[in-house]
Structure formats: C-alpha cells, structure tokens
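Quick caveat: nothing in here was measured; it's all calculated off a predicted structure. Here is the naming used below: chain letters follow the sequence lines, and residue numbers restart at 1 for every chain.
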Amino acid sequence: MTMSLKGFIVFLVPTMIFALFLYYGILWNVVIASTDYSILNPRMEFKGLKSFRELFSDPAFQDAFKRTLLWAGLLVSAGNLVGLLLASAIFQFEKPRLRNTLTTFFLYPFSLSLVVVGIVWRWLYDPFKGIDVLLTKFGMPNIQWLEGGNAFWSLVLTSIWVYAGFVALLYLAMFYNVDRSLIESAIVDGASSITILTRIVIPNSKQAVIIATIFLALFAIQMFDLPYSVLFLNPFTMTVVMYVYSKFTSLYFYLASAAAIVIIVVSAFIVIPYAVYGLKKWLLAGR
Amino acid sequence: MPRLSTVTASIIIALFGLVWFMPVYALIVGSLKSLKEVMGTPVLSPPESIDTSTLAKVFWELRGPLLNTSIIVIPTAFVSALIGSLAAYAIYRRGGKISDAIMLLIAISTYIPYHVILVPLVQFTKTLGLYDTLPGVMFGFLIYYTPMAALLMYIFITAIPRDVIEAALVDGAGEWRILRRVVLPLLGPGITSTIIFILIMTWNNFFIPLILTRGYEKHITLKIFSYVGQSGTLYNQMFAAALIGSIPPLIVFIFLGRYFIKGLLVLGTGAKG
C-alpha cells in the first residue's frame, strides 16, 4: 500500500519550501550575474556574460580563485594524511572506551565556532606573545606567521587542525568495519600490527579516502569564517567566498553573483556525483 | 610489555595531543589573566593569580547575544528535525522514481555551500521585512538545515523494516499516526542526533547572521568577533568571549558527543550506527 499523493505532498511541502529556496537563490544568482546590477547601475540591464569576463580579468578574483583551489589541494592531502595517522594511532589501542575518548578529543575543534578558532590562533601566531615565545626558547627561529604571504600557510595549518579529527573519525568508522576474521588470521600468521594496518585495514578503507576528500574539498571551498576572523578581508588570505562577500558589501552585486556561480559550478562537480553515489547506497540499503 | 606499535601510537597521540590541547589551554589561562598581566605575558604562560573579573564582565556583555542565539538555534533545531522527518517519511513511504529525484534534490542542496545564495537571501529577507531580525536569521538557518535534517532523517528511516509500517497500515492507522506512534519512537537516537548536530552547527554559524543582521548583538559568534576589533591587544577579553561562547556547544559535544558523531558519520558515509 503506497502513500496517497495528497499525503505525500502535504508531508513534503514544508521541507521543499526551504530546499527550493536554495535553488531559487541559485537561479536568481544567474539572473543577477547576467546584468550589471550594482550601486552604480541599480536598474538591472541585461549584459550577457559581461560580468564573467570582468570577474575573470579581475586580479583579486584570480588570486582568490587560485588560493581557494590551492587551499583545497593542501587541505585534502594534508588532512587525509594527518587524519589517517591519527586514526591508525588510535586503532592501535584495544579498549573501545579509550578509542572513543581519543576520537572525541581530536574531534573537538570541529565542534567549535571557526570564529573562536580564528581568535585563538590569531594569538598563537602572534610573534611576541604566541608559540614563537616557546619556539625561540628551544632555539628555533622567530617565525612571522601572519606576515604577508605567510598568513595563508599558517591558516592552512589551522584548517588542518580543525578538520583532521573529522577525517580520523571517518577512517576509524571504516577500520572498525574491516572483517575481524581477516585481522585474526593475520595475527595467527604472525603479522605485526603495522603490517596488519598497512596491508589489511587501510586497503579495505578506500571509501573513507573518497568521503574525506570530498568533505575536505567542500570545507576549503566554503572557507570564510577562519580567515575573516583572523585577518578580515586581507588580500593575502582572500578566498572566493570572501571575494563574494567583499563585492556584496561594496554593492557590486553582479560580480558577487558571478563569483557565487563559480563556487556553485566547482562544488557541483564534487557534490553531484557524491550525492548520486551516496543515495544509491542508502536507497539500496532501504530496499 | 606493551607492543612496539602501541608505543609508537602513544608517541603520535601525545605529540598531536599537545597541539590539539594548546588552543583550549590558551583560552582558559588567557581569560583568567588580569589587565596588568595580559599586557606583558605570552598567551601560553599560566596566570600568576586567577582573576575572574574579566570573565564576569564579558559574560555580562554577552548575556543578550547568548539569549538571542538560544532563542534562534533551539527552535531551529527542533523545527528542522520535525519537518525534515515528515519529508523523509513521505519519501520513504511513497518510493519510486519521483521520490528518488526529490531526495537527490534535497541531498544536493545539503552539500552545496550555503554562502552562494548571499545576494538573493539578503534581498529576499529585506523584501519580507525580516532583515536584521531574529526570525530572519532563523529563516536563513532553516533554508539550509531543513534539507540537511531531511537527509539525515531519511538515512535513519531507511533502517526501519517496511513490515513494521505495513503492519500498522493493516491495522488501519493513518500516515500521521504511523509516523508519530510507530516510526518516530523507533527513531529516537536518530532524531536526537539530527537535533544535536543542527544545534551545534547553527550555534557556531557565523556567515548567515553576519549577512542577515546589522551590528553584533543578534548572534553569539558575531559578538565574539566584535572583540577582535575593539579589544586591541587585550586578549583576555577576546579569550573570555570565545570561551564563554564555546561552552554551550562544548558541553553538548562532551555529554552528547556520540549523537553529534553519529550525525557526522551519517552525513558522510550513510552509516546508520
């Protein structure tokens, strides 16, 4: 007995109002981006692709775009690496309670607001009052963490700190799913725990790499709160979302919308295959 | 004797653990410093004497934003979980190609960065007269978190055997009754995960209140951010604001963390836990 169409629609409408607003917003971006709507031209005349030509010839956007992609690449590779390292280390302990406590501990930065993260790290990177005080005591050089181009690399490090625990969680979830009998027979064969980890557990957790990569890339594409709360709209740490925001606050709406469309296109390449793949899995699981 | 790998693992955990612990440590010792100490000492040095006056002062300044944020995020979490479960239930019950397509639409909107609707969202809330109001911020949150709740609830619902629902239908129960009396009670942990997850995410959200309001009073993250500009080098005030503003999500995370983790895993891997 299937649900009646009337019931189906009634149950679905509230959620769809919100979901469709998001799509409506995306479409409205397309409309604005095809005009020259700004503080100078509030009349919204159709200009075709002019806004995109202007966007891609703007050095500030080019920088922001390249920086965001680089951030994504660095966060994906280093985030996966650190997450895998943490997960492998946590996996070495047998007690489930200890494992859970450690996982939660490394995940806590994810439960903090990125503004809070930004404020603390802004001070930890301070050349006179931050970690440099500690580093110089051990004879290391005084690093200007937030000076000029250095700021980008420092913030990348902080973003790894924020998200590595989440990656470790994804890996551990896969590790626990690995067939126990595979591990037990390897123990009987006298394999060391490092061999078991690298030869059995990690190769059986490929799915975690895919998922972690997708999420880290999405986190990097959305990067705003962290750089904004550390250095505001600084040209050295400007990301695409920050570019959208800066064009919005300076009332160049058509450029803000055009840059937003670039974000939509880039994230669609990541999101759509993942959503299709994920749903297939969940749908099949439900039938 | 412990195995060699346990030793290596402990060293890795200890090294990374220090880095992970450092910011929280800095937040706590920093907000306990007096005005005199904060001028001269590095952020990682412990305070000579514990001074809670900054915490008290900042807490008093934060009381409005803390209340505003609670007024927004608690209803948002419950409302989005409720209407998201309605949609999830309908899609699960009806099935078929159209349901699949709708679910796909909802899933994609969950993963697309919400920042992209900045310009239309601000214009729309201004047209509705909701700009710079608490309901406006709530509306902004609901646009993004309701589809996410629907997706989460859908994954949880698919774990329920269809026979359970069929049996209730045979007994002549209506859809609303089945959802309330049969499905939702079975989904207790799932609903809790959805609510906790959205609660933490909206409490920590900065972008949506930033674009939908003026000033710094309507959301806690805005208020915390305002200390960056006005406190200059007085990091004790900033740290106190950051610490106080983080306590609600941290408490939820520490005591109900397994629900938050479940929500994360479900969104990431579709695991039902």
Side-chain angles (χ1 to χ4, degrees), chain A residues 1-3 7-8 11-12 14-15 18-19 21-22 25 28-29 32 85-86 89 92 102 104 106 111-113 115-116 119-120 123-124 129-130 133-134 169-170 173 193-194 211 215 218 221-222 224-225 229 241 244 248 253 256-257 260 263-264 267 271-272 275 278-279 281-283 285-286, chain B residues 3 5-6 9 12-13 16 20 23 26-27 42-44 83-84 86-87 89-90 93-94 100 103-109 111-113 115-121 142-143 146-147 150 155 158 169 175 200 204 206-207 221 224-225 228 235 238 242 246 249-250 253 257 265 268-271:
Chain A
M1 207 154 80
T2 54
M3 193 178 192
F8 180 68
F11 274 47
L12 213 53
T15 299
F18 295 115
F21 186 87
L22 205 76
W28 195 227
N29 269 324
I32 296 173
L85 191 66
L86 289 176
Q92 295 304 311
L102 287 173
T104 312
F106 283 105
S111 72
L112 292 178
S113 168
V115 176
V116 170
I119 287 182
V120 187
W123 279 101
L124 289 172
K129 292 187 173 171
V133 177
L134 217 64
L169 172 72
L170 293 177
S193 44
I194 297 283
I211 295 163
F215 275 88
L218 283 177
I221 291 170
Q222 317 183 7
F224 176 86
D225 307 10
S229 55
V241 175
V244 173
F248 164 76
F253 300 119
S257 282
I263 300 176
I264 294 165
S267 42
V271 167
I272 292 174
L279 273 188
K281 216 173 56 181
W282 305 326
L283 285 171
Chain B
R3 290 173 306 156
S5 59
T6 326
I12 293 171
I13 298 283
F16 279 90
W20 254 248
L27 270 188
V43 284
L44 289 173
I83 60 187
L86 287 178
Y89 174 78
R93 274 284 289 122
R94 179 120 179 135
D100 290 2
M103 199 54 233
L104 186 64
L105 218 61
I106 291 176
I108 292 171
S109 68
Y111 296 115
I112 292 261
H115 310 74
V116 298
I117 57 165
L118 196 174
V119 180
L121 181 61
L142 284 174
I143 286 173
T146 305
I155 301 167
T158 54
L169 278 170
E175 304 288 358
I200 292 183
N204 288 336
F206 176 65
F207 193 74
T221 50
I224 298 171
F225 176 73
V228 180
Y235 63 80
M238 279 178 230
S246 306
L250 272 182
F253 179 69
L265 282 177
T269 65

Chain B contact via A/Leu112 - side chain, backbone, both or neither, heavy atoms under 4.5 Å:
both
Selection from B/Ser246, B/Pro249, B/Ser109 maximising heavy-atom pairs under 4.5 Å formed with chain A:
B/Ser109
Between B/Ala26 and A/Leu124, what is the shortest heavy-atom contact and its length?
CB-CD2, 4.3 Å
Below 4.5 Å from any heavy atom of chain B, which atoms of A/Phe8 appear? Answer side chain, backbone, both or neither.
both
Using the rule given for side chain to side chain contact (heavy atoms under 4.5 Å, CB included), can you reason through B/Ile117 versus A/Trp28, listing the C-alpha separation, both sets of side-chain angles and the distance that settles it, and then say yes or no?
CA-CA 9 Å; B/Ile117 57 165; A/Trp28 195 227; over 6 Å; no
Shortest non-hydrogen contact from A/Val271 toward B/Tyr111:
CG1-CB, 3.5 Å
Minimum heavy-atom distance between A/Met3 and B/Ala90, given as atom pair plus value:
SD-CA, 3.8 Å
When heavy-atom pairs shorter than 4.5 Å are enumerated against chain A, which of B/Leu118, B/Ile106, B/Thr221 gives the highest number?
B/Leu118
Highest number of heavy-atom pairs under 4.5 Å with chain B: which of A/Asn29, A/Val133, A/Leu218?
A/Asn29
On the 0 to 90° scale, with breaks at 30° and 60°, tag the B/His115-A/Phe224 ring pair as parallel, tilted or perpendicular.
tilted
Side chain to side chain contact (heavy atoms under 4.5 Å, CB included) between A/Trp123 and B/Met238: does it pass, once the steps are laid out?
CA-CA 10 Å; A/Trp123 279 101; B/Met238 279 178 230; 3.3 Å; yes
Who passes ring-ring contact (aromatic ring centres under 6.0 Å, His included) against A/Phe21, sequence neighbours left out?
A/Tyr24, B/Phe124, B/Phe139
Quick check on A/Ile211 against chain B: is it the side chain, the backbone, both or neither that has a heavy atom closer than 4.5 Å?
side chain
Side chains of A/Ile119 and B/Tyr235 in contact at under 4.5 Å (non-hydrogen atoms):
no
Taking side chain as C-beta onward, heavy atoms only, is B/Leu86 less than 4.5 Å from A/Leu12?
no
Side chain, backbone, both or neither: which part of A/Ile32 has a heavy atom under 4.5 Å from chain B?
side chain
Does any heavy atom of chain A fall under 4.5 Å from the side chain of B/Ile200, the backbone, both, or neither of them?
side chain
With a 4.5 angstrom heavy-atom cut-off, is it the side chain or the backbone of B/Ile12 that approaches chain A, or both, or neither?
side chain
Taking B/Asn204 for the side chain and A/Ser111 for the main chain, is one N or O donor matched with an acceptor at less than 3.5 Å?
yes
B/Ile224 and A/Ser113, any side-chain heavy atoms less than 4.5 Å apart:
no
So which heavy atom on B/Leu265 is nearest to which on A/Ala173, and how close?
CD2-CB, 3.7 Å
Do you know which two heavy atoms are closest between B/Ile13 and A/Ala89, and how far apart they sit?
CD1-CB, 3.8 Å
Report yes if the distance between the aromatic ring centroids of B/Tyr89 and A/Phe11 is under 6.0 Å, otherwise no.
yes
If we ignore hydrogens and angles and just use 3.5 Å, is the side chain of A/Thr15 paired with the main-chain N or O of B/Pro147 as donor and acceptor?
no
Select, from A/Ser229, A/Ala256, A/Gly7, the one with the greatest count of heavy-atom pairs under 4.5 Å involving chain B.
A/Ser229
As an exercise: rank A/Leu134, A/Ile194, A/Leu169 by heavy-atom pairs under 4.5 Å with chain B and give me the winner.
A/Leu169
Of B/Leu44, B/Leu142, B/Ile112, the largest count of non-hydrogen pairs under 4.5 angstrom with chain A goes to B/Leu142
